[in-house]
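These notes are about the structure you will find just below.
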Amino acid sequence: MKDLEIFEQLHYQVNELYERIIADLGEKHYSIVEDFFNPNEVVALRGSLLEHYQENAFKKSAIGNKVNEEVIKSIRGDFILWIDEQRANTAESLYFNKINTLVDYLNKTCFMGILQKEFHYAVYPKDTFYKRHLDTFQNDERRKLSVVCYLNDALWQDSNGGELVIYTKDDKEEIIDPLPGKIVIFESQLLEHEVKPVLNNKRLSITGWLKTR
Ligand SMILES: O=C(O)CCC(=O)C(=O)O
Ligand SMILES: [Fe+2]
């Protein structure tokens with residue numbers, strides 16, 4: 001009986017997309033999936049974000065964790081709202097279901113040991129940005145993987161700016177347009193990155209971290 005239980009825990013169906021993410025992470029420490037969320041899912045998530053935003057639920061982002069809660073506009077200008085998985089609405093539940101399925105796969109196939117996660121909505125109004133940084137400067141060594149998902153509408157233009165730039169380990173700059181449904185996953189402790197100034201419009205996203213204990 002014990003053996004069977006262990007087998008059940010390790011059993012999984014090979015998933016091509018997740019395998020690609022794992023291979024990318026192994027090779028270059030980040031992975032980009034253009035259409036992780038389909039257009040309907042993006043519409044639902046964007047609607048949910050905007051509803052909270054219109055209720056003025058978002059707060060100016062801070063630098064550092066609660067011990068060091070300073071607002072430093074010269075470093076980052078986004079507004080955020082943490083998402084409570086226990087009180088998730090329909091769109092948010094859909095989001096967490098997809099993320100949890102990926103996390104289960106990573107834990108089962110790569111023994112990543114992801115036990116916790118935290119996600120927030122983010123809005124970058126015109127003229128805001130997030131200067132080059134490492135996500136672990138938030139005084140949280142447990143952050144293992146950063147996951148960003150873009151919720152802009154399908155009409156998002158290159159001229160709106162707001163690109164994510166990842167500074168790769170082979171000294172290149174990977175420039176990523178924040179297009180709807182796209183997710184970017186990268187190793188939080190390893191890759192510096194920045195959000196270029198938003199030149200037009202509001203840039204919408206969900207950002208989160210998969211954490212070890
Ligand atoms: O929105 C992005 O593309 C990245 C956001 C980011 O780097 C962060 O919130 O730490
Ligand atoms: Fe970051």
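Both counts, for ligands and for their atoms, begin at 1 and track the order of listing.
The distance from ligand 1 to the heavy atoms of Y124 drops below 4.0 Å at these ligand atoms: 5 (C). Those atoms of ligand 1 with a heavy atom of Y150 less than 4.0 angstrom away are 2 (C), 3 (O). Those atoms of ligand 1 that come under 4.0 Å of a heavy atom in Y130, given as number and element, are 8 (C), 9 (O), 10 (O).
For ligand 1, the polar-atom distance check finds an N/O of H193 within less than 3.5 Å of one of the ligand's N/O atoms.
Rounding to the nearest 0.5 Å places CD1 of I206 at 11.5 Å from CZ of R46. Rounding to the nearest 0.5 Å places OH of Y53 at 5.5 Å from CZ of F79.
If you look at H133 next to ligand 1, the close heavy atoms, those under 4.0 Å, all belong to the side chain. At a heavy-atom distance under 4.0 Å, only side-chain atoms of D135, from C-beta outward, approach ligand 1.
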Run the side-chain hydrogen bond (donor to acceptor under 3.5 Å, both in side chains) check on D78 and T128 step by step: do they pass?
CA-CA 7 Å; D78 56 328; T128 60; over 6 Å; no
Evaluate S48 against Y121 for side-chain hydrogen bond (donor to acceptor under 3.5 Å, both in side chains), listing each step before the verdict.
CA-CA 10 Å; S48 171; Y121 291 112; 2.7 Å; yes
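Both the sub-6.0 Å distance and the 45° axial angle are satisfied by K98 relative to the ring of F36. A cation-pi arrangement, defined by a distance under 6.0 Å to the six-membered ring centre and an angle within 45 degrees of its axis, is absent between K108 and Y105.
Take the N/O/S atoms of D135: the one nearest the Fe ion (ligand 2) is OD1.
A salt bridge links K182 and E34; the closest N-O separation between the charged side-chain nitrogens and carboxylate oxygens is under 4.0 Å.
The closest approach between a heavy atom of R203 and any atom of ligand 1 is below 4.0 Å.
Around atom 9 (O) of ligand 1, the closest heavy atom drawn from L164, T207, I166 belongs to T207.
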